[in-house]
Amino acid sequence: MATKCKDYNFQEIEPHWQSFWEENHSFRAENGSTKPKYYVLDMFPYPSGAGLHIGHPEGYTATDIMARYKRARGFNVLHPIGWDAFGLPAEQHAVKTGTHPASNTQNNIANFKRQIKALGFSYDWDREIDTTDPKYFRWTQWIFLQLFKRGLAYVDERPVWWCPELRTVLANEEIVDGKSEVGGFPVERRNLRQWVLRITAYAERLLADLKGVDWPDSTKRMQEAWIGRSEGAEIQFQLENAALGSLKIFTTRPDTLFGCTYMVVAPEHPLVDALTTTEQKSAVAAYHKMASGKSDLERTDLAKDKSGVFSGSFAINPVNGQRVPIWIADYVLMGYGTGAIMAVPAHDERDHEFAVRYALPIVQVIAPAGEAIKLPYSGDGKLVHSGAYTGLDWPEAKRRITADLAARGVGKATINYKLRDWLFSRQRYWGEPFPIVWVSESDYRRAASLRQDLPAQAVTFAENGVTHFALPLPDAALPLVLPDVQSYLPSGNGESPLANETAWLEIWFNLETGAAVPSSQPLPAGTVWVRARRETNTMPQWAGSCWYYLRFLDPRNSTAIASPEALRYWGVPDLYVGGAEHAVLHLLYARFWHKVLFDLGVVPQSEPFTKLFHQGIILGEDGEKMSKSRGNVVSPDTIIASHGTDSLRLYLMFLGPLEAMKPWNPRGIEGVHRFLQKVWRECLTAEGAVNPKITASLPEPAELTKLLHETIKKVGEDIENLRFNTAISQMMIFANALQKAPQVDPSTMRAFLQLLAPFAPHLAEELWARLGEAPSILRAPWPAFDAAKFATSEVKLVIQINGRHRGDLVVAKGLSQDAVLELLKNHAKVTPYLDGKMMKRVIYVPGKIINIVTEG
RNA sequence: GCCCGGAUGGCGGAAUUGGUAGACGCAACGGACUCAAAAUCCGUCGCCCUCUAAAGGCGUGUGGGUUCGAGUCCCUCUCCGGGCACCA
């Protein structure tokens, strides 16, 4: 089975064992197994034209070691891979070359696959998935329909980022520093019809359930901050002009209500016009023009310089009846709370800055005990100048004031979130089409009488005075595939290239079956055909990655996203490894979809990723981020050719802690490569025969046996804790000892090869076979350690005098303090420090240290 | 500005609950083997003082503190990295 090479010829060995694994389907995960399961998942890649960079195999090697280790531990391991293959680069390539994005995507996938296979990862290739495959995105569309039916998807005309250069809309997260993340082009605001998912309905659960997951703290905190929960109150201020009603504000500090000296509404607030008095009209108009002319970049970047204008109107403070002037200023955002605030300049930095600039009064209402303070003050204290509430601690006052306002019907306790609903459409070709058609109101009502799968409230959109109704395709009509198009260029008016495909777009639609006929053809017979226009938006790239971890459980299922048995048996990943750049978006969106599927009873658990780990970034040799322009990029292909993939895998793990950012050192790989060669030489002679020192006829040194058992323990523990760098150190220590030992028991050598196998699987397979074992090291159960083998009766005790290390002593394990002190009387290195001194104190930690504190 | 993470030899890093700082590897230096080289093996390798000895002193970004004892705990500051950024 093995190769016959005499020296460590990795170029022959590695492809040999890769074909062996492939032919034997060695890594196939069994559905319906009685073994315990272990599901270890990588964030699947976007198959870019550039191919793999060194960061991919870092995370993938970590999960591969875990997968191989867990298999040896007797688990039925699911370790899959697939392609997140919709995306803007493929579309831009299509625009440029006129070729279908699918063909470019498939080429890229083939290249990625070749590279990944050369790394020897133990993926179950029978479960490979591709988000652009209609058999896959049929279920992405299906999940969208479930959201739609539950009222979690709606259409709204809203200001979105429009990039004239890319001729498409971008999401907030695709904008970096006011420019498009792809290409770095300028962007502007435009109002366009968009699909939006109601993720805010899940804000509370998305926040609360973070407590139960095993994730890096920093990632949890980022999600918490992104969701941004804050408790406060909505309070109504009666307007002085009673005809206008009241102005509703949100505050987290109702206890500072007596310090409210003015109010602010956002420039986009619906009451702005009504509040503006005749005298102020021109000033407000001028301000409004200036504020709307600011790009969002300016509005945030120039945040330090607050500006605003007086509306001319006043409101009445509900706690003390005072007249409060209402200002219009763009430091208040329409998108959060009610778009209006009460300003308390004494206790809010922003309000303070504004009040100083416009000479508005500042009234202190919170004072800490005793100390003098500088305003604005936002610390603890008791209320002052606050009528009946004066003297209360502010949290208590917050409760009471909120309750009193609620009793009067002018306020209520509320919770606000920074999280916004998720803008879920793109005006592009290369994405999942929405399984939605737009019909007239009367046709929608007919559909509603025929079908059970419509949302409680119709999703509509008004355009040029006509209201269109969103009608879902029946589940059975899925997938809705992309039509071929003449041009991949966006239409340029805010619709995708699909808007130009009249035959696909304008249709006769069968209300019951979802069948379609181009409207250019005659209306089909029957009463269930209506005139419809397809949705031209497509879904964002996030859609396919929101649920892919579920498809791996049962990837060929044509009747469900996965069978209930598979969903129950495999559940969710036991370990999920990927970059920290996905800390918020992907991981939040996927959690949202998973919770919806949980509510639908599709999945049996409410969180998708119970244990998450972020691998760090590998920097270039120069300590800078790898990039083509810096010329510091290391390609896995090059390293595999020069040192082999086992060396690459080992070195990626040996560089440092998995989560750390660490520079690539081209010479460092020599070190791990030498280690592998050393292992080879310990197993085989220069002629390729079994090394004669591997023999059971003479005993191996007891020290070696002891070290083996220590190594088994440490390597196992380190793998469980993803501390691969120290596991490798330990194996190097063992290999050094192996080299010095005159004889090695065959069982010792075998056990060591098994420890090495998850890290350097090709070499381990080869040596395993060359030592006469068959058929594969993958079948051998993980070696067990025997703690008795490394338990010792003697320990080294460190001796300190006054906290300074003065020597050490090997003593019997359970020795008493008095016995140790007796021994020290004759310890040459120690006695000079003790002679003639009084022992003031002795600290004795058995087995570790004895510290003697002397007088004077 | 706010939140989080980090700083240990020439380099990457190791160090359990506070208990011998520098494991393992890279680089460097000396030696063995060799006609020679590569490979391999043996040895040295934080800084200072010193005879290249013995012994000692200093040392984990800065300054302080707690402790018999601090890389590890507390406070201060500096620098580096990441996230958020008018969210009331």
Side-chain angles (χ1 to χ4, degrees), chain A residues 7 216-226 228-230 232 249-253 256 263-264 266 299-306 329-333 335-344 347-351 353-354 416-420 580-581 583-584 614 616-617 619 623 625 650-651 654-657 659-672 674-675 677-678 681 717 723 725-736 739-740 796-808 829 832 840-845 847-854:
Chain A
D7 49 6
D217 276 345
S218 58
T219 303
K220 286 195 195 186
R221 265 191 288 266
M222 269 194 241
Q223 290 216 352
E224 276 166 18
W226 192 265
R229 182 186 200 271
S230 56
I249 61 100
F250 173 75
T251 179
T252 55
R253 295 294 301 271
T256 61
M263 301 179 81
V264 182
R299 241 169 119 159
T300 49
D301 251 27
L302 308 177
K304 298 113 217 163
D305 231 3
K306 290 192 177 36
D330 66 359
Y331 81 89
V332 169
L333 310 172
Y336 182 77
T338 63
I341 62 155
M342 66 173 203
V344 184
H347 304 291
D348 182 284
E349 214 174 296
R350 298 151 300 182
D351 297 344
E353 188 193 326
F354 191 82
N416 256 307
Y417 301 92
K418 286 187 206 172
L419 184 68
R420 305 296 155 84
E581 66 273 20
V584 176
H614 300 306
I617 296 171
L619 303 171
K625 224 171 158 162
L650 210 55
Y651 185 53
F654 186 64
L655 272 174
E659 67 277 18
M661 184 184 279
K662 41 208 179 268
W664 178 266
N665 176 355
R667 299 214 219 182
I669 191 144
E670 298 286 351
V672 294
R674 265 175 235 162
F675 161 67
Q677 281 177 313
K678 186 181 289 183
R681 284 195 311 269
E717 288 172 354
R723 292 191 304 241
N725 54 330
T726 50
I728 294 167
S729 307
Q730 183 65 33
M731 289 190 284
M732 286 174 167
I733 291 169
F734 184 79
N736 291 342
Q739 187 191 310
K740 288 182 177 70
K796 191 158 87 173
L797 195 64
V798 172
I799 306 159
Q800 291 186 348
I801 310 294
N802 296 323
R804 286 181 174 278
H805 178 218
R806 297 298 182 189
D808 42 47
K829 282 197 172 174
K840 203 164 94 183
R841 195 177 158 190
V842 176
I843 295 102
Y844 178 51
V845 183
K848 287 208 164 139
I849 198 162
I850 184 158
N851 186 10
I852 299 167
V853 186
T854 61

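Just so it is clear: chains get the letters A, B, ... in the order the sequence lines come, proteins before strands, and each one is counted from 1. Heavy-atom basis, side chains included; hydrogens, waters and symmetry copies ignored. Bear in mind the structure is a predicted one, so any value in this text is a computation, not a measurement.
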Heavy-atom closest contact ([X] atom, [Y] atom, distance):
{"X": "A:T338", "Y": "A:I249", "answer": "OG1-CA, 3.3 Å"}
{"X": "A:G337", "Y": "A:N416", "answer": "CA-ND2, 3.7 Å"}
{"X": "A:M263", "Y": "A:M342", "answer": "CG-CA, 4.3 Å"}
{"X": "A:M731", "Y": "A:F675", "answer": "O-CE1, 3.6 Å"}
{"X": "A:L333", "Y": "A:D330", "answer": "CD2-O, 4.3 Å"}

Any side-chain heavy-atom pair of [X] and [Y] under 4.5 Å:
{"X": "A:N851", "Y": "A:R841", "result": "no"}
{"X": "A:T219", "Y": "A:H614", "result": "yes"}
{"X": "A:I843", "Y": "A:I849", "result": "no"}
{"X": "A:N736", "Y": "A:K678", "result": "yes"}
{"X": "A:N725", "Y": "A:I728", "result": "no"}

Span that lies between the [atom1] atom of [M] and that of [N], in whole angstrom:
{"N": "B:A70", "M": "B:C80", "atom1": "C1'", "value": "24 Å"}
{"N": "B:U66", "M": "B:U72", "atom1": "C1'", "value": "14 Å"}
{"N": "B:C29", "M": "B:G9", "atom1": "C1'", "value": "16 Å"}
{"N": "B:A38", "M": "B:A32", "atom1": "C1'", "value": "16 Å"}
{"N": "B:A7", "M": "B:C73", "atom1": "P", "value": "11 Å"}
{"N": "B:G6", "M": "B:A14", "atom1": "P", "value": "12 Å"}
{"N": "B:C48", "M": "B:A55", "atom1": "C1'", "value": "14 Å"}
{"N": "B:A21", "M": "B:G59", "atom1": "C1'", "value": "9 Å"}

Subject >> Of A:M222 and A:R420, the one whose closest RNA chain B nucleotide lies more 5' >> reply: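 Final value for this comparison: A:M222.
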Original post:
Taking the nucleotide of RNA chain B with the closest heavy atom to each, which residue, A:M732 or A:G337, is nearer the 5' end?
Top reply: A:M732
Subject >> In B:G9, glycosidic geometry as syn within 90° of 0 or anti otherwise >> reply: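 This nucleotide is in syn.
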Atom pair distance, as rounded to whole Å: [atom1] in [X] and [atom2] in [N]:
{"X": "A:N665", "N": "B:C24", "atom1": "CG", "atom2": "P", "answer": "18 Å"}
{"X": "A:W226", "N": "B:G82", "atom1": "CH2", "atom2": "C1'", "answer": "15 Å"}
{"X": "A:M263", "N": "B:A88", "atom1": "CE", "atom2": "P", "answer": "16 Å"}
{"X": "A:E581", "N": "B:C84", "atom1": "CD", "atom2": "C1'", "answer": "17 Å"}
{"X": "A:E670", "N": "B:A38", "atom1": "CD", "atom2": "C1'", "answer": "13 Å"}
{"X": "A:R667", "N": "B:C26", "atom1": "CZ", "atom2": "P", "answer": "11 Å"}
{"X": "A:R229", "N": "B:C3", "atom1": "CZ", "atom2": "C1'", "answer": "19 Å"}
{"X": "A:R253", "N": "B:A88", "atom1": "CZ", "atom2": "P", "answer": "12 Å"}

Applying a 4.0 Å non-hydrogen cut-off, can you work out what [X] is touching in the nucleic acid: base, sugar-phosphate, or nothing?
{"X": "A:I733", "result": "sugar-phosphate"}
{"X": "A:M731", "result": "nothing"}
{"X": "A:N416", "result": "nothing"}

Pairs: protein N or O with nucleotides 39-45 of chain B N or O, under 3.5 Å:
| from | atom 1 | to | atom 2 | distance (Å) |
| --- | --- | --- | --- | --- |
| B:U40 | O3' | A:R681 | NH2 | 3.4 |
| B:C41 | OP1 | A:Q739 | OE1 | 3.2 |

Original post:
Got a sec, which residues hit ring pair (Phe, Tyr, Trp, His ring centres under 6.0 Å) with A:Y651, two or more places apart in sequence or on another chain?
Top reply: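 In terms of ring pair (Phe, Tyr, Trp, His ring centres under 6.0 Å), with neighbours along the sequence ignored, A:Y651 is linked to A:W664.
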Original post:
What is the ring orientation for A:F250 with A:Y336, classed by angle as parallel under 30°, tilted 30 to 60°, or perpendicular over 60°?
Top reply: perpendicular
Original post:
Between A:Y336 and B:A88, is there a side-chain N or O to OP1/OP2 distance below 4.0 Å?
Top reply: yes
**OP:** Give a yes/no on whether any side-chain N or O of A:N725 is located under 4.0 angstrom from OP1 or OP2 of B:C24.
**Re:** no
Consider the side chain of [X], meaning its heavy atoms from C-beta on, and name the nucleotide among [options] that approaches it most closely.
{"X": "A:T252", "options": "B:G12, B:C68, B:A88", "answer": "B:A88"}
{"X": "A:M661", "options": "B:A88, B:C24, B:G81", "answer": "B:G81"}
{"X": "A:D348", "options": "B:A88, B:G13, B:C24", "answer": "B:A88"}

Original post:
Tell me, which stems hold RNA chain B, with a stem being 3 or more Watson-Crick or G-U pairs in a row and both distances under 3.5 Å?
Top reply: B:1-7 with B:78-84, B:10-12 with B:24-26, B:28-32 with B:40-44, B:46-48 with B:56-58, B:63-65 with B:73-75
Original post:
Any chance CD of A:E349 has more than 12 other-residue heavy atoms, nucleotides or ligands included, within less than 6.0 Å?
Top reply: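 Incorrect, the count does not exceed 12.
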**OP:** Any chance you could lay out the side-chain contact (heavy atoms from CB on, under 4.5 Å) test for A:E353 and A:Y331, step after step, and finish with the verdict?
**Re:** CA-CA 11 Å; A:E353 188 193 326; A:Y331 81 89; over 6 Å; no
Hey, what are the protein-to-nucleotides 4-10 of chain B N/O distances that come in under 3.5 Å?
| from | atom 1 | to | atom 2 | distance (Å) |
| --- | --- | --- | --- | --- |
| B:C4 | O3' | A:R221 | NH2 | 3.3 |

Taking only N/O atoms, report every protein-nucleotides 15-22 of chain B pair under 3.5 Å with atom names and distance.
| from | atom 1 | to | atom 2 | distance (Å) |
| --- | --- | --- | --- | --- |
| B:G19 | N2 | A:Q800 | OE1 | 3.3 |
| B:U20 | N3 | A:K796 | NZ | 3.4 |
| B:U20 | O4 | A:K796 | NZ | 2.7 |

**OP:** Only counting residues at least two apart or in another chain, list the ones meeting side chain to side chain donor-acceptor pair (under 3.5 Å) with A:Q223.
**Re:** A:R591
Original post:
Given A:I341 and A:D351, is the side-chain contact (heavy atoms from CB on, under 4.5 Å) satisfied, shown in steps?
Top reply: CA-CA 10 Å; A:I341 62 155; A:D351 297 344; 3.6 Å; yes
